[in-house]
Amino acid sequence: MDFDNDGKPDVLTGSYSPGELYLFRQQADGQFAAGEILKDSKGSPIKQTAAVPFSVDWDGDGDLDLLVGNIQGKVFLIPNEGTREKPAFGQAQPLLPSGKLMVSGDAGPCVTDWDGDGKPDLLVGAGDGSVSWFRNIGEKGAPKLDAPVILLKLPEGSIRAKICVTDWNGDGRMDLLVGDFASSSGANTEYHGWVWLYLRKAANVAQGSTPSP
């Protein structure tokens with residue numbers, strides 16, 4: 001993701017508590033500068049507890065806005081009221097289709113045109129291991145989200161789904177990479193985080209494969 005439009009990919013990440021967003025800019029030598037905390041136009045750090053950010057031109061005005069998921073399962077839009085090179089982020093606005101919480105905790109947003117209609121849709125990973133699709137039924141430049149459709153749920157015991165959309169096998173259809181967290185208690189406590197590959201077989205359908213560590 002080229003955050004500052006300088007032709008080099010940068011890294012944007014969230015944090016747990018108090019939940020600031022950190023931008024790591026790639027430098028000319030390929031290394032990344034120290035992380036800088038993103039702030040709004042008033043100079044206050046942008047934050048949500050257990051923040052998971054995604055940067056996208058949500059409103060179609062040519063700059064990058066922020067979508068940020070939090071531990072409650074909500075996703076907030078933080079509009080860029082400046083430019084691509086000099087962002088000025090406004091107040092957080094909750095995205096609440098049907099007036100309900102987005103997902104069951106620990107929201108991880110990702111934006112893609114999932115149904116191929118030319119408009120950005122919202123996919124959200126959740127604390128219960130599910131991935132939901134919120135179709136954009138609005139007009140170009142004025143997104144409006146429909147009620148969620150659950151695309152998949154990770155195997156039992158896998159939680160905190162975080163997603164990436166990509167054409168993994170080059171067949172022209174968008175697939176899903178889904179990261180998880182899992183733990184087991186008892187005599188031997190075990191923790192792991194796997195990445196699951198779900199190859200898309202047909203429109204709006206994802207089918208799972210074995211996990212990749």
Side-chain angles (χ1 to χ4, degrees), residues 1-59 61-95 101-103 105-112 120 122-127 129 131-132 134 143 159-166 176-183 191-196 213:
M1 178 271 303
D2 183 1
F3 188 84
D4 50 12
N5 204 29
D6 65 353
K8 298 186 292 294
D10 308 302
V11 174
L12 177 65
T13 184
S15 60
Y16 184 77
S17 180
E20 296 101 336
L21 308 184
Y22 290 86
L23 175 65
F24 297 84
R25 300 180 191 267
Q26 187 174 144
Q27 303 174 99
D29 61 0
Q31 300 297 310
F32 289 90
E36 57 186 89
I37 295 176
L38 291 188
K39 298 180 180 180
D40 62 24
S41 57
K42 296 181 180 179
S44 300
I46 299 170
K47 56 186 178 182
Q48 292 287 333
T49 302
V52 179
F54 191 92
S55 185
V56 65
D57 184 6
W58 183 245
D59 52 12
D61 64 355
D63 56 37
L64 291 180
D65 309 299
L66 297 173
L67 297 183
V68 184
N70 71 10
I71 200 168
Q72 294 177 315
K74 295 181 180 180
V75 175
F76 290 86
L77 167 65
I78 303 173
N80 183 357
E81 299 167 351
T83 66
R84 179 73 179 267
E85 293 76 14
K86 294 183 179 180
F89 293 108
Q91 294 297 306
Q93 307 168 12
L95 298 178
L101 288 178
M102 293 291 290
V103 294
D106 214 358
C110 179
V111 175
T112 187
L122 178 65
L123 272 62
V124 184
V131 175
S132 295
F134 295 82
I159 60 174
R160 301 180 190 172
K162 300 296 183 289
I163 54 182
C164 176
V165 180
T166 185
L176 290 174
L177 293 172
V178 186
D180 76 354
F181 169 79
S183 66
Y191 300 93
H192 72 252
W194 283 343
V195 176
W196 298 79

For this session: May I ask you to test the V165-L176 pair for a side-chain heavy-atom distance under 4.5 Å?
Result: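 The answer is yes; the side chains approach within 4.5 Å.
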
Between [X] and [Y], which heavy-atom pair has the shortest distance, and what is it?
X	Y	result
Q93	P79	NE2-CG, 3.6 Å
Y191	F181	CD2-CZ, 3.6 Å
G19	A51	O-CB, 3.4 Å
D10	F3	OD2-N, 2.9 Å
G90	I78	O-CG2, 3.4 Å
R25	E36	NE-OE1, 2.8 Å

Problem set entry | Salt-bridge present (D40, K42; N to O < 4.0 Å) |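 Answer for the salt bridge query: no.
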
Between atom [atom1] of [X] and atom [atom2] of [Y], what is the distance when rounded to the nearest 0.5 Å?
X	Y	atom1	atom2	result
L77	Q91	CG	CD	11.5 Å
K39	L23	NZ	CG	13.0 Å
K47	F76	NZ	CZ	13.5 Å
N80	W58	CG	CH2	15.5 Å
L123	T112	CG	OG1	7.0 Å
D2	K8	CG	NZ	8.0 Å

Problem set entry | Residue list, side chain to side chain donor-acceptor pair (under 3.5 Å) with D106, at least two apart or on another chain |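 None.
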
Exercise. Residues two or more places apart in sequence or in another chain: which of them pass side chain to side chain donor-acceptor pair (under 3.5 Å) with N5?
Worked result: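 In terms of side chain to side chain donor-acceptor pair (under 3.5 Å), with neighbours along the sequence ignored, N5 is linked to E85.
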
Exercise. Do S15 side-chain atoms and E20 backbone N/O form a donor-acceptor pair below 3.5 Å?
Worked result: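 Yes, because the side chain of S15 sits within donor-acceptor range (under 3.5 Å) of the backbone of E20.
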
Exercise. Would you find a donor on one side and an acceptor on the other, under 3.5 Å apart, between the side chain of N70 and the backbone of T49?
Worked result: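 Side chain of N70 to backbone of T49: no pair is present.
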
For this session: Run through L66, I37, T13 and flag the one making a side chain to side chain contact (heavy atoms under 4.5 Å, CB included) with L21.
Result: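 Single side chain to side chain contact (heavy atoms under 4.5 Å, CB included) partner of L21 among L66, I37, T13: L66.
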
Exercise. Could you walk me through whether I163 and L177 pass the side chain to side chain contact (heavy atoms under 4.5 Å, CB included) check?
Worked result: CA-CA 6 Å; I163 54 182; L177 293 172; over 6 Å; no

For this session: Run the numbers on Q72 and Q48 for side chain to side chain contact (heavy atoms under 4.5 Å, CB included), then give the verdict.
Result: CA-CA 10 Å; Q72 294 177 315; Q48 292 287 333; 5.8 Å; no

For this session: Under the side chain to side chain contact (heavy atoms under 4.5 Å, CB included) rule, what do R160 and V52 come out as? Steps first, then yes or no, please.
Result: CA-CA 11 Å; R160 301 180 190 172; V52 179; over 6 Å; no

For this session: Please test Y22 against V11 for side chain to side chain contact (heavy atoms under 4.5 Å, CB included), starting from the C-alpha separation and ending with a verdict.
Result: CA-CA 8 Å; Y22 290 86; V11 174; over 6 Å; no

